[in-house]
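For reference, the structure is listed below as structure tokens.
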Amino acid sequence: MRRLLLVNALIFAVLAAAVALAYYGYSYTSEVSSRDRELELMHDLAIEKVLNIESLIGDADSKLLREVSIEPKSEQLGELVKTTGAAVVSVFVLDDQLRLVPNGNVSSRPQKDGVEFRDWFIAHAVPHLPLADQPVGVRGHRHAQWERNGAFKPFLFSFMKRVSGDRTFYVVVEDDLSHLTLRLFPQFFAVSTSPRFIYQVLDESGALVYGAPFEDASGLVVEVPFAETVDGWVLRVAEKDAGSQAAIERKHLIDSLLIGGAVGIILLGLVALGLAIRRERRLNDLKSEFISNVSHELKTPLSIISMFGELLATGRTKSSEQAHEYSEIIWRESLRLGRLIDNVLDFAKIERGMGAYEFVETDVGEVVDRALELSQRRVAAAEMTLEAEIEPDLPAAPLDANAFTLAVLNLIDNAIKYAADGKRIQVTLTRDPAAKHRVVLAVRDWGQGIDPEEHERIFERFYRAKTIRLKPIRGSGIGLALVRHIVHAHHGDVSVESAPGQGSTFRISLPISDTT
Ligand code: ADP
């Protein structure tokens, strides 16, 4: 009954673990696909932002680069810069020899600084701009760190090769990077434009050019580089409330533990179920063997009884001694039959959990004596001797006398059945030398003994030793299981000491009431 409950609980646990795993699998897949969708969205958003910023700068620069003429009039460049809307610091017009044309420079820098910058630009920047290779009418750009006055600073130059009549000239615009970082970026990345995301722009060395550091690096982040203006810089987009790193790690840990636990339960459950099935199958085999053994055991005494009964009934006896002998056989066999039926019935009762005992303070010695008396005839019939040694004046113990007698009879019956060739049975009842409040009943025989590997198993129901199964010795395999059950019900222990060829000693250790 308890085992059935356990198996049911196990099946339930395995099913629950499987459902939990399936749920995790499902939620993981949907989490991954929603994560993918989110990443895609963020990537599209980042590309759109970069494109918008770059085309804003590129369009304004291209307009300006196209509108400048090879011979600008005084103030003309300044006016142009104002109207095109390009955020520029300075404009240069160079002839085909890369020399500045007259009125070919305008700068928002203060006068002196502007002149200084112009000279630096002609001497140090122009040689590094790929002006001559640029296709005519197409905006080119160069964004890099340049050394000026002993320090490296980033500059962004947009330029265009132009042709006027048969003359080639170049227009170069110095874009205003602070306008980009202080005006354009805040405008494009304002919270109001996309409240779910935060932005930052990093320069080529990874330093922040715009935005705040992302506090939580574990959330989703996408990066898109600038290509047409400030190349080398990247735009990074992150989710705003991605959850803290610690919370995500905790969730991962809990998930892993739960998944690991579920897998563990399934594996354990399967192993346990496998064992239970194996055990059940073995038990079934033993049960069928038991049924055939019991039927055989019932049939044999019955046929002996009916045979000798018929002989008596039909008066086919030679003498009154013979009649007496026949009736004694009938009596012996009916006793045996009765005991077997007792065993089976008691066993069935115990199996159904109904084995109720009635404990009464009893003299253990007397109970053992009675069992010895009951066995006397059978011992004699087996041509064995029974020596008994019962310590006198043992204190009483709480016993169910009938049940305990049955246990002792089973041990003596086994000695008769399995150790007849040893010729001797010795029964002793003494105080336990090792434990003061216990008595030990030992039933010793000099038979073939029991393999130590089977010492535990012979107490299992239906189990019969391997060597015995091959012999024509009748048995059902429930005797010792019954003995163990009875002894445990008396809060005692039963054990066997035996080796092949050395005989066996079965010991029952029982607690006694006396505490002196
Ligand atoms: P049964 O005698 O009906 O087979 P038991 O439960 O009484 O069932 O015994 C279980 C098994 O233990 C026996 O089949 C036998 O193999 C072994 N056994 C029990 N008592 C002895 C003994 N005195 N000597 C040798 N083997 C024994």
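Read the numbers this way: they start at 1 and go in the same order the structure lists the ligands and their atoms.
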Derivation and outcome, ring-ring contact (aromatic ring centres under 6.0 Å, His included), residues Y210 and Y199:
CA-CA 8 Å; Y210 168 81; Y199 301 86; 8.2 Å; no

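Nearest protein heavy-atom contact of atom 3 (O) of ligand 1 is S476 N, 2.6 Å.
Counting atoms of ligand 1 from 1 in the listed order, those under 4.0 Å from a heavy atom of S504 are 24 (N).
Of all the listed residues (L411, I425, N414), N414 holds the heavy atom that lies closest to atom 19 (C) of ligand 1. Nearest-residue assignment for atom 9 (O) of ligand 1 (options D451, L480, I412; heavy-atom criterion): L480. Between V443, L340, I458, N410, it is I458 that holds the heavy atom closest to atom 17 (C) of ligand 1.
At least one N/O-N/O distance between A465 and ligand 1 falls below 3.5 Å.
For the pair R507 and T505, the minimum side-chain heavy-atom distance is below 4.5 Å. Counting only heavy atoms from C-beta outward, the side chains of F308 and E333 never approach each other to under 4.5 Å.
At a 4.0 Å heavy-atom cut-off, ligand 1 touches Y463 through the backbone alone. Only the side chain of K417 comes within 4.0 Å of ligand 1, judged by heavy-atom distances. When heavy-atom distances to ligand 1 are checked against a 4.0 Å cut-off, D445 comes that close only through its side chain, counted from C-beta outward.
The salt bridge (charged side-chain N to carboxylate O under 4.0 Å, His left out) test applied to D400 returns no partner, not counting sequence neighbours. In this view, S375 and V379, L409, I412 satisfy the side chain to side chain contact (heavy atoms under 4.5 Å, CB included) rule, not counting sequence neighbours.
Under the side chain to side chain donor-acceptor pair (under 3.5 Å) test applied with R457, the options E460, E454, E453 reduce to a single match, E460.
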